[in-house]
Amino acid sequence: MKFGQCVILFCMLMCNSCSKRSLFNSVREVFTNDRVYHQDFILQKEYDFIIVGAGSAGCVVANRLSENTKWTVLLLEAGSEENYFTDIPLLAPFQSSTRFNWDFKTEVSNQYCLSLKNKRCNLPRGKAIGGTSVINFLLYSRGSKFDYNQWKESGNHGWGYDDVLPYFKKSENCSHMLNCDSKYRGNTGPLDVQYSPFHTPLVDAFLETGRDMGFKIGDPNGRSIIGFSKVQATMRNGRRCSSAKAYLKPILKRSNLFILSDVRVKKILITSERRAYGVEFVKNNNSCKVEAKKEIILSAGSINTPQLLMLSGIGPQEDLKKLNIPVIQHLKVGYNLQDHISLIYNFLINDTVTISDLGVQNLSHILNYWLNSKGPLTIPGGAEALAFVKTDLNTYLDDVPDLELVLGSGGLNNDFFGSLRKVFNFPNKLFYNVYGPIVLSPAFSISTVLLKPKSRGRVRLKDNNWMSEPLIYLNYFADESDVNVMVEGFKYAKVVGESKRFQKYNSKIYHFTIPACTHLPTLTDNHVACLVRNLATSLGHQVGTCKMGPINDSDAVVDAHLKVYGIRRLRVIDGSIMPHIISGHPNSVIMMIAEKGSDLIKAAWK
Ligand SMILES: Cc1cc2nc3c(=O)[nH]c(=O)nc-3n(C[C@H](O)[C@H](O)[C@H](O)COP(=O)(O)OP(=O)(O)OC[C@H]3O[C@@H](n4cnc5c(N)ncnc54)[C@H](O)[C@@H]3O)c2cc1C
Ligand SMILES: *[C@@H]1O[C@H](CO)[C@@H](O)[C@H](O)[C@H]1NC(C)=O
Ligand SMILES: *[C@@H]1O[C@H](CO)[C@@H](O)[C@H](O)[C@H]1NC(C)=O
Ligand SMILES: *[C@@H]1O[C@H](CO)[C@@H](O)[C@H](O)[C@H]1NC(C)=O
Ligand SMILES: *[C@@H]1O[C@H](CO)[C@@H](O)[C@H](O)[C@H]1NC(C)=O
Ligand SMILES: *[C@@H]1O[C@H](CO)[C@@H](O)[C@H](O)[C@H]1NC(C)=O
């Protein structure tokens with residue numbers, strides 16, 4: 001968020017409250033939140049466990065390991081604490097413009113993100129206690145049963161759907177939701193999952209359309225994924241429930257858990273007998289070393305975990321040698337990068353039922369949020385409903401979608417403050433060129449998401465400096481069939497968005513082109529394929545860069561116990577271990593991985 005916007009919003013929040021008590025509490029929250037995790041403690045020489053990264057996974061692991069009062073746990077995080085603004089669900093897209101984002105970009109490509117700023121896709125990653133769960137869009141979605149059975153069939157014992165379901169249940173509390181089927185859903189876990197208390201009438205039109213098309217309207221996180229549903233969100237009382245809020249806040253009093261924020265780990269220390277024994281980190285330009293009696297757990301996320309492994313001599317030997325990094329263990333670290341790519345289509349309507357980011361300035365909305373935890377500010381990142389469907393190109397059997405549609409309560413043309421443009425790296429000039437004629441006209445959007453991409457990318461080191469950003473090659477659309485599914489996705493979105501249920505708003509897809517695609521007739525297959533290569537961008541779901549696999553899989557980095565091959569006492573627990581990306585949004589999946597990973601550690605040290 002730009003400073004000026006922040007001040008405006010802040011003043012509005014401060015000046016317009018009519019309840020003194022709420023004003024007081026909120027002021028206190030704004031100013032004291034920043035201190036919650038700053039425990040004063042003298043760093044010891046060693047701890048039983050050291051966890052690197054307090055993200056979606058790291059917070060879970062810290063909680064579960066410190067349940068054993070005999071173990072000391074040190075949690076190291078490069079970022080700082082979330083605050084009042086990161087809590088506001090509708091402001092989710094703004095968070096990528098704050099200090100809570102590592103702000104990675106892909107390398108220039110001639111295959112994807114062609115019309116985006118400098119031909120690079122934006123890849124926000126959270127830098128906060130809570131990690132990317134502090135800047136994400138709050139959508140709770142587990143993927144399909146097939147996804148986990150696919151992991152298991154790739155040789156990962158213990159990771160089939162039946163094996164992982166108990167850990168999904170363990171992590172969540174869905175008691176606030178109606179129809180929360182206890183066979184699949186949990187109601188005693190730390191992570192709150194709720195529906196937004198507010199929704200626009202567009203949601204009803206969307207769900208009715210699904211029903212008309214013969215789909216189930218229900219819970220995609222239950223028995224079966226295919227169908228239409230309202231968005232489920234990691235939300236507590238209308239506010240963001242990050243992994244920090246779910247897993248760390250309630251246990252800050254534990255005397256065996258030590259949390260350091262604003263520290264960057266730069267290297268894992270490994271003995272000549274190939275045992276990880278400590279880490280080197282930097283705080284305020286001072287380098288420190290700390291040792292682990294039992295294990296080191298990397299939870300730095302799909303970009304930073306492979307970076308850290310490679311900086312420490314664990315990675316592809318040809319690359320490491322070139323960068324003068326002594327090779328300790330050759331492994332295909334950084335390979336197998338997968339992500340969900342998405343493209344937004346806008347539908348113009350004749351009624352003001354939509355919510356643009358201007359909604360965050362509406363006093364009645366602010367008051368409603370502040371006093372009642374209700375209203376449009378509780379829409380998770382502006383996303384209101386989902387559909388998991390199969391295109392004609394889907395060759396999977398049964399309950400396996402290849403396309404997701406996300407209903408947005410506003411169109412990209414309503415991106416008044418530019419937060420969505422920032423998330424997508426969409427150039428301002430192009431924005432006005434494309435949306436100039438309809439800026440702020442009532443519109444909603446449907447985003448198409450390619451759920452099972454065939455293309456694979458890669459993360460590499462630029463040099464041997466721990467401060468350098470890694471090089472990220474997403475290789476979207478290296479496999480042409482990925483473009484074709486996106487083209488089918490457009491057709492699907494158009495049918496849904498122009499269905500008879502949306503005709504009460506006279507809904508029409510917005511016809512547009514961009515300079516790179518003007519030579520093709522608008523919205524034909526080839527034109528859409530051109531738009532896809534030029535404008536489609538990341539949903540922020542990078543996974544897979546430290547692939548879990550059996551010992552005879554030469555691409556595997558960790559085994560099914562999440563232990564790094566060839567090095568003792570070192571595990572990876574975060575999104576990077578996924579062998580195949582799931583057909584959903586990964587936050588809840590990564591928390592599940594962390595719940596299961598923690599149990600594996602407990603079992604190993606029993
Ligand atoms: C814009 C956006 C929207 C998204 N929306 C959704 C959504 O709606 N639903 C959903 O399910 N998923 C969503 N995601 C994805 C999801 O949030 C992430 O996949 C997930 O949070 C990643 O968890 P993780 O534990 O693997 O890594 P992270 O949560 O990224 O945690 C890694 C942590 O390690 C820290 N770290 C990294 N390197 C170091 C170092 N060297 N030293 C110390 N600390 C370090 C980082 O600062 C970070 O806090 C979204 C992502 C983005 C970017
Ligand atoms: C789960 O959520 C419900 C509803 O908010 C709450 O009453 C209950 O205490 C929560 N359970 C746990 C274990 O936190
Ligand atoms: C840290 O060190 C770098 C280079 O050594 C220097 O440029 C920077 O100003 C220092 N930062 C602080 C906060 O001291
Ligand atoms: C604010 O929201 C209220 C309730 O939805 C609406 O009636 C009003 O017109 C909005 N005000 C502005 C300035 O948009
Ligand atoms: C929008 O268009 C539809 C279909 O033409 C019409 O029934 C409806 O009354 C219009 N709504 C408004 C607010 O003009
Ligand atoms: C690895 O071994 C298993 C069982 O021994 C076998 O089924 C599988 O095909 C092998 N995988 C590879 C990549 O060689």
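Nothing here was measured: the structure is a model prediction, and the numbers come from that model. Whatever order the structure lists them in is the order used to number ligands and atoms, beginning at 1. Here, residue 1 is the first one in the sequence, and each next residue gets the next number.
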I'd like to check whether Q503 has a polar contact with ligand 5, where a contact means an N/O of the residue lying under 3.5 Å from an N/O of the ligand.
no

How are the rings of F168 and Y148 set relative to one another: parallel (under 30°), tilted (30 to 60°) or perpendicular (over 60°)?
perpendicular

Out of all atoms in ligand 2, which are within 4.0 Å of some heavy atom of H176? Include the element for each.
4 (C), 5 (O)

Is it true that D219 and R185 make a salt bridge, defined as a side-chain N closer than 4.0 Å to a carboxylate O?
yes

Is the H541 ring parallel, tilted or perpendicular to the H585 ring (thresholds 30°, 60°)?
perpendicular

Any salt bridge linking D212 with R501? Criterion: basic side-chain nitrogen under 4.0 Å from a carboxylate oxygen.
yes

T188 versus ligand 2: do any nitrogen or oxygen atoms come within less than 3.5 Å of each other?
no

Looking only at distances, please establish whether an N/O atom of ligand 2 is found under 3.5 Å from an N/O atom of D192.
no

cation_pi(R240, F85) dist<6.0 Å, angle<=45:
no

As a test of reading the model: which residues have a non-hydrogen atom less than 4.0 Å away from ligand 4?
N362, S364, H365

Under the 3.5 angstrom rule, does the side chain of R571 hit a backbone N or O of H561 as a donor-acceptor pair?
yes

Salt bridge R421-D415, side-chain N to carboxylate O under 4.0 Å:
yes

Taking only non-hydrogen atoms of N173 and a 4.0 Å limit, the atoms of ligand 2 in range are 1 (C), 2 (O), 3 (C), 8 (C), 10 (C), 11 (N), 12 (C), 14 (O)

NZ/NE/NH1/NH2 to OD/OE distance under 4.0 Å, K602 and E67:
yes

